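Everything quoted here is computed from the prediction, not taken from an experiment.
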Amino acid sequence: MKKLSRGILSICVSGAVLLSACGHTDDADRTTIREATAGSTPNTNQAPSTQEEPTNSISASTDAISDSERLIDPAHKEIKDITADDFKRGVFIDFDQYKQSFFDDEIISKFKGNIEAVVENNPEKFKENLNKDSAATNKYHFYYTSVNEEGREFMFYDLDILEKININQREQIRVGVRFAQKDPDGRVDNTGITYFFTKNPDGEWGIENID
């Protein structure tokens with residue numbers, strides 16, 4: 001009787017071990033298949049992405065402005081920085097390639113004259129095409145020719161913004177320019193600045209601000 005009981009007990013234990021092994025094998029197979037197909041099978045229950053393509057700040061700021069016209073999109077403008085070896089004092093911008101629509105000979109002449117004055121360190125020429133009481137009258141000439149930076153040289157080499165907008169029924173032309181400045185110690189830094197043109201009471205375009 002004791003031998004029979006041991007036999008039955010042995011059979012039961014063996015069966016439990018086999019069932020347990022089968023259960024583990026089945027789970028392992030499902031995990032392997034799930035892992036193998038997770039990367040190739042789309043999850044149809046996943047919510048669609050709400051991420052939108054980023055827009056540049058200039059676009060966002062002008063979308064609500066009426067009668068806007070853009071000749072250079074800064075988001076797609078590639079600018080190559082000037083190195084110490086590339087640096088040459090002066091204005092090296094091909095204005096002809098940009099001349100069209102509102103960016104005509106009048107605006108080009110006034111803009112070019114101002115940045116030439118910066119290169120030449122000529123305060124009188126710098127003020128020639130500024131609107132009366134313009135915010136740019138003295139502020140940016142002193143920025144360009146700071147006493148603390150005596151010996152600084154400038155190289156203007158490309159444009160990165162060209163747009164005409166209408167704000168509160170007042171036209172404004174924005175010209176963004178890239179330039180390199182060389183300090184007395186030989187260090188060259190690349191940066192950009194924007195000129196804002198508006199019409200004076202006589203209807204003539206002039207530089208209202210530089211920022």
TODO: Would you mind checking if E163 and R174 are paired as a salt bridge, meaning a charged N to carboxylate O distance below 4.0 Å?
DONE: yes
- [ ] Verify the cluster assignment for M155 and I79: are they in a single hydrophobic cluster under the rule of side-chain heavy atoms below 4.5 Å apart?
- [x] yes
Task: Single-linkage hydrophobic cluster V175~V119, side-chain heavy atoms < 4.5 angstrom - done: yes
Task: For D104, all residues meeting salt bridge (Lys or Arg N to Asp or Glu O under 4.0 Å), sequence neighbours excluded - done: none
TODO: Report the residues that fulfil side-chain hydrogen bond (donor to acceptor under 3.5 Å, both in side chains) with D86, sequence neighbours left out, ordered by chain and then residue number.
DONE: T83
Open item on the list: Quick check for you: to the nearest 0.5 Å, what is the distance between I161 atom CD1 and I193 atom CD1?
Closed with: 11.0 Å
TODO: Answer yes or no: is there a side-chain heavy-atom contact under 4.5 Å between F196 and I210?
DONE: no
Task: side-chain contact (heavy atoms from CB on, under 4.5 Å) partners for K199, two or more places apart - done: E171, W205
Open item on the list: Taking F126's backbone N and O only, do any of them form a donor-acceptor pair with N114's side chain (distance below 3.5 Å, no angle check)?
Closed with: yes
- [ ] Identify the heavy atoms of D160 and P74 that sit nearest to each other, and give their distance.
- [x] O-CB, 3.4 Å
Task: L159 side chain near F111 side chain, heavy-atom distance below 4.5 Å - done: yes
Task: For I107 against F102, the heavy-atom pair lying closest together - done: CG1-O, 3.6 Å
Task: Contacts of D185 that satisfy salt bridge (Lys or Arg N to Asp or Glu O under 4.0 Å) - sequence neighbours left out - done: none
Open item on the list: Students often mix this up, so state it plainly: with edges at 30° and 60°, are the rings of F179 and F154 parallel, tilted or perpendicular?
Closed with: tilted
TODO: Return yes if some donor-acceptor pair links the side-chain N/O of N200 with the main-chain N/O of G203 below 3.5 Å, else return no.
DONE: yes
TODO: Could you give me the CA-CA distance, side-chain angles and deciding distance for K125 and E116, then say whether side chain to side chain contact (heavy atoms under 4.5 Å, CB included) is met?
DONE: CA-CA 8 Å; K125 184 176 179 179; E116 285 177 344; 3.2 Å; yes
Task: Contacts of N190 that satisfy side-chain contact (heavy atoms from CB on, under 4.5 Å) - sequence neighbours left out - done: D81, I82, Y157, R178, A180, V188
Distance-only check: which donor-acceptor pairs under 3.5 Å involve side-chain atoms of residues 90-99, not counting sequence neighbours?
| residue | atom | partner | partner atom | Å |
| --- | --- | --- | --- | --- |
| D94 | OD1 | D96 | N | 3.3 |
| Y98 | OH | K77 | NZ | 2.6 |
| Y98 | OH | D158 | OD1 | 2.7 |
| K99 | NZ | D105 | OD1 | 3.2 |

- [ ] Output, in order, the C-alpha distance, side-chain angles, deciding distance and verdict of side chain to side chain contact (heavy atoms under 4.5 Å, CB included) for I207 and F197.
- [x] CA-CA 4 Å; I207 299 169; F197 286 80; 3.6 Å; yes
Task: Verdict with reasoning, Q172 to R170, per side-chain hydrogen bond (donor to acceptor under 3.5 Å, both in side chains) - done: CA-CA 7 Å; Q172 182 184 98; R170 188 183 185 192; over 6 Å; no
